[in-house]
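In the text below, chain A, chain B and the rest are named by the order of the sequence lines, each starting its count at 1.
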Amino acid sequence: MKVRTRFAPSPTGELHLGNARTAVLNWLFARRHGGAFVLRFEDTDLERQVATAEHGIVRALDWLGLDRDEGPFVGGPHGPYRQSERLEIYGEHANRLLSAGLAFRCYCTTEELEIRRAEARARKGELRYDGRCRDLPREVEERFRGEGRRPSIRFRVDPGPIRYADRIRGELTVHGEEIGDLVILRSDGRPTYNFAVVVDDLLMEITHVIRGAGHLSNTPKQVLFYRALGAEPPEFVHLPSVLAPGGGKLSKRAGATGLRAYEEVGYHPDAVLNYLSLLSWSSPTGDEILSRERLMAEVDLDRLGAANPEIDPAKMRWLSGQHFRRESIERLEVDLAGRLVDRFSLGETELRALTEVLRERILVLSDANDVCELILPEPDLSNSAVREVLEEPHSARVVAAVTERWSALEQWTRETLREALLEVGRDVGIKGRAFYHPVRATLTGAIQGPDLPDIAYILGAERTLERLRRGIAAAGA
RNA sequence: GCCCCCUUCGUCUAGUGGCCUAGGAUACCUGGUUCUCAGCCAGGAGACAGGGGUUCGACUCCCCUAGGGGGUACCA
């Protein structure tokens, strides 16, 4: 049977690392087995205003490179893919259960239920529905109807063990008496979450339900629905919950940063994909820096742990850097161009040189700004730190020697610049700080930054030599 | 309150009864890369939550406790 997975967020807000990890595993597993990845929005409970959230989610998925085979905006044979557009379908299925005697109409109002729950809580009793409408005589039903009560439809949950399986945890059992009769259709006709999910997953022919462990306790209820509808449940895989750094659940104040923010800071999307798949999973090879292709080939449902992992921002940044190091110059150049060209009015050769240097040092794309900020603007030679360096006795001589040697260069490459610099150092007989600082200060107006040959390489021969000559003048003065 | 799940270095993890004086990665510390920052390279320190069992032998199996996560809704 063809593997079909789905990602079913409710379009309330942005995707965060926790949601995204669920999407990632569903996508990876589908791709690994040549299956289909379906997107579905669970929006039954929401009013409008979700349109922007829908787009935000799709955007985030696109950024991570998780393409959908079916879903909103792309369509597919099992649509519609928004629960709000499937209301009649849920109604039909609920009625099927009703006529089969597996469900019944419950005339209790929300208020009555709440009062009973409060009482139960007060005397420390069971909070569950007491089943009072299970077998209502026809006359009573008529009377309730006459009173204007709108019934909800409840599913009969009989006492006794309910067995279900989770791929990660194995066979599990709960008891029907701990669940109670479940509302599947509210009195206003909208389905409840657990019922809608089952109807959708069934109709969409989902084979593997991969979702957060928060749904573990919903699973037995859903298994009951599958059976009642005459179907076998799919395989359930409950991924451990992703926790915020320092523990605790992902929340507004801790770690629930939207994916958009990671995109803006400039994390490599493949690194985020890589990082997320490494939560609860590890490659049998023990490797951790895994390309998109390797992830698609290797990530499977075996080797999934059961403990809740915490996000480690530092490791994610490190991975991002690793992915940039392996990125092609051409691709990185495109990413960098979007952030730097206008802001620093870069030319083609400058951008290329910058990309070559930056590829070896950035962790996230925004690191590039700092480097540009430091070396691209005309250096300010008037600040005290720079003045101090330039006033050293040998500074003028050092800068002049470097200028002379570099201006004689036939090839302006990082390598030739570096070799030439080393030679000058030996010739002049000055080394360390005394040698490098005057050159650095002259070139950037700072005494801290990337390697000098790299700076010269990015600036290009003309600008480098011009700055150096100005430095000689300043040092001589 | 009741029910369910989880528990190896700070963090992510390897480990399925002896291969473990517990391996890797990150973070941290130190050194190197004839200047600095980042990067990179090398080295160092760092864990089986606690207590009972089972066994010739437990990180690995069972029980209890603690801690964490989730559920108990006409929320999703």
Side-chain angles (χ1 to χ4, degrees), chain A residues 8-10 12 42-46 83 106 108-110 113-114 117 120-121 123-129 150-154 166 168-169 172-175 177-180 182-194 196-197 212-221 238 240-241 243 245-249 275 278-284 286-289 303 305-319 321-322 324-325 357-363 367 370-371 374 421-422 425-426 431-440 446-452:
Chain A
S10 90
T12 42
E42 309 212 326
D43 58 352
T44 45
D45 198 52
L46 308 161
Q83 289 190 333
C106 173
C108 302
T109 64
T110 311
L113 291 168
E114 262 166 31
R117 233 187 328 269
R121 199 185 296 276
R123 57 169 199 276
K124 299 192 173 170
E126 289 301 328
L127 270 46
R128 274 164 280 282
Y129 174 69
R150 311 275 310 144
S152 62
I153 297 180
R154 279 190 191 266
D166 171 67
I168 297 174
R169 283 151 271 254
L172 301 166
T173 307
V174 291
H175 297 274
E177 44 274 55
E178 281 152 16
I179 295 179
L182 300 161
V183 170
I184 55 177
L185 214 63
R186 291 180 257 240
S187 45
D188 63 2
R190 286 149 59 232
T192 54
Y193 167 77
N194 281 305
V197 166
H215 290 289
L216 202 53
S217 41
N218 286 327
T219 306
K221 305 171 188 173
H238 289 95
S241 312
L243 268 25
K249 60 185 206 180
Y275 180 74
L278 249 25
L279 296 175
S280 308
W281 179 84
S282 59
S283 166
D287 295 341
E288 295 202 315
I289 304 164
R303 303 182 63 81
N308 300 343
E310 261 174 52
I311 294 290
D312 180 355
K315 185 155 184 177
M316 201 162 98
R317 284 177 67 85
W318 168 79
L319 253 187
Q322 293 303 315
F324 280 124
R325 246 110 282 155
V357 172
L358 253 20
R359 182 168 67 165
E360 292 164 17
R361 63 157 37 224
I362 63 169
L363 260 29
D367 290 340
D370 305 337
V371 174
L374 186 70
L421 194 64
L422 256 23
R426 281 195 294 272
K431 51 186 176 181
R433 223 160 259 252
F435 177 69
Y436 288 97
H437 273 195
V439 183
R440 178 174 291 287
I447 49 170
Q448 178 258 22
D451 288 347
L452 285 172

The contact string for nucleotides 37-42 of chain B, one letter per nucleotide 5' to 3', using protein heavy atoms under 4.0 Å with B, S and - for base, sugar-phosphate only and none, comes out as BBSS--
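Panel note: side chain A:Asn308, backbone A:Pro240; no donor-acceptor pair is recorded below 3.5 Å. One N or O on the side chain of A:Arg325 and one on the backbone of A:Arg359 form a donor-acceptor pair closer than 3.5 Å. A donor-acceptor contact shorter than 3.5 Å links the side chain of A:Glu310 to the backbone of A:Gly246. Side-chain atoms of A:Thr192 come within 3.5 Å of backbone atoms of A:Val183 as a donor-acceptor pair (strictly under, hydrogens ignored).
Taking atom P on both B:U33 and B:G46, the two are 28 Å apart, rounded to the nearest angstrom. For the C1' atoms, the distance linking B:C19 with B:C12 amounts to 25 Å, nearest Å. With P as the reference atom, B:U60 and B:U36 are 49 Å apart, rounded to whole Å. For the C1' atoms, the distance from B:A22 to B:U8 is 8 Å, rounded to whole Å. Across B:U7 and B:G15, the matching P atoms stand 13 Å from one another, rounded to whole Å. When the P atom is compared between B:U21 and B:C4, the two are found 37 Å apart, to the nearest whole Å. Nucleotides B:C35 and B:U13 are separated by 39 Å at their C1' atoms, to the nearest Å. B:G71 and B:A76 have their P atoms separated by 13 Å, with the value rounded to a whole Å.
Within 6.0 Å of atom CZ in A:Arg150, 12 or fewer heavy atoms from other residues, nucleotides or ligands are found, so the atom counts as exposed in its surroundings.
At a threshold of 4.5 Å between non-hydrogen side-chain atoms, the residues A:Tyr436 and A:Asp451 do not count as touching. Within the 4.5 Å cutoff, the side chain of A:His215 has no heavy atoms near those of the A:Val197 side chain.
Listed nucleotides: B:G69, B:C35, B:A76. Nearest to the side chain of A:Ser241: B:G69. Comparing atom distances between the A:Thr44 side chain and each of B:A14, B:G24, B:A76 picks out B:A76 as nearest. Each of B:U11, B:G24, B:C74 was ranked by its minimum atom distance to the side chain of A:Arg154; first place goes to B:C74. Distances from the side chain of A:Lys249 to the nucleotides B:G69, B:U34, B:C74 place B:G69 closest. The A:Ser282 side chain lies nearest to B:U13 when the options are B:U13, B:C35, B:U26. In this structure, of B:G69, B:A76, B:U34, it is B:U34 that holds the atom nearest to the side chain of A:Lys431.
Across all strands shown, A:Leu185 has no heavy atoms under 4.0 Å from either base or sugar-phosphate atoms. Nucleic acid contact class of A:Leu113 (heavy atoms, under 4.0 Å, all strands): base. Residue contacts for A:Gly212: at a heavy-atom cut-off of 4.0 Å it reaches no nucleic acid atom on any strand shown. Here A:Ser187 lies in heavy-atom contact (under 4.0 Å) with a base. Counting non-hydrogen atoms under 4.0 angstrom, A:Arg303 reaches the backbone sugars and phosphates but no base. Across all strands shown, A:Glu178 has heavy atoms under 4.0 Å from sugar-phosphate atoms exclusively, and none from any base.
Position along RNA chain B of the nearest nucleotide to A:Val174 versus A:Pro191 favours A:Val174 as the more 5'-ward residue. If A:Ala213 and A:Pro151 are placed on RNA chain B by their nearest nucleotide, the residue sitting closer to the 5' end is A:Ala213.
With a cut-off of 3.5 Å on both pairing distances, the Watson-Crick or G-U wobble partner of B:C2 is B:G71. Judged by Watson-Crick or G-U wobble contacts below 3.5 Å, the nucleotide B:U54 has no partner. With a cut-off of 3.5 Å on both Watson-Crick or G-U wobble distances, the partner of B:U34 is given as none. The base-pairing partner of B:A22, taking Watson-Crick or G-U wobble contacts with both distances under 3.5 Å, does not exist among the strands shown. As the counterpart of B:U7, B:A66 is assigned, both hydrogen-bonding distances of the Watson-Crick or G-U wobble pattern falling under 3.5 Å. The partner of B:C28, taking Watson-Crick or G-U wobble pairs whose two distances both stay under 3.5 Å, is B:G44.
A:Tyr129 places its OH atom 26 Å from the P atom of B:C2, with the value rounded to the nearest Å. Look at CD1 on A:Ile447: it is 11 Å from P on B:U36, rounded to the nearest Å. Distance CD (A:Glu114) to C1' (B:C74): 10 Å, rounded to an integer number of Å. In this entry the distance linking CG of A:Asp312 with P of B:C28 reads 10 Å, nearest Å. Whole-Å rounding puts the A:Tyr275 OH to B:A27 P distance at 12 Å. Rounding to whole angstrom units, OH of residue A:Tyr193 and C1' of B:G70 are separated by 13 Å. In this structure, A:Ile289 places its CD1 atom 16 Å from P of B:G24, rounding to the nearest Å. Atom P of nucleotide B:C4 and atom CG of A:Leu216 are separated by 12 Å, given to the nearest angstrom.
Checked by distance alone, A:Lys315 brings no side-chain donor or acceptor within 3.5 Å of a matching partner on the base of B:A27.
The two atoms that bring A:His238 and A:Leu216 nearest to each other are ND1-CD1, 3.2 Å, heavy atoms only.
Going from atom OG1 of A:Thr219 over to atom CG of A:Leu172 covers 8.5 Å, rounded to the nearest 0.5 Å.
The side chain of A:Arg169 places no N or O atom within less than 4.0 Å of a non-bridging phosphate oxygen (OP1 or OP2) of B:C6. The side chain of A:Ser217 contributes no N or O atom lying less than 4.0 Å from OP1 or OP2 of B:C3. In this model, the phosphate group of B:C3 is not approached by any side-chain N or O of A:Arg128 to a distance below 4.0 Å at OP1 or OP2.
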Side chain to side chain contact (heavy atoms under 4.5 Å, CB included) assessment of A:Ile311 paired with A:Tyr275 | CA-CA 9 Å; A:Ile311 294 290; A:Tyr275 180 74; 4.1 Å; yes
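Between A:Asp312 and A:Lys315, none of the side-chain N atoms (NZ, or NE/NH1/NH2) sits under 4.0 Å from a carboxylate O, so this pair counts as no salt bridge.
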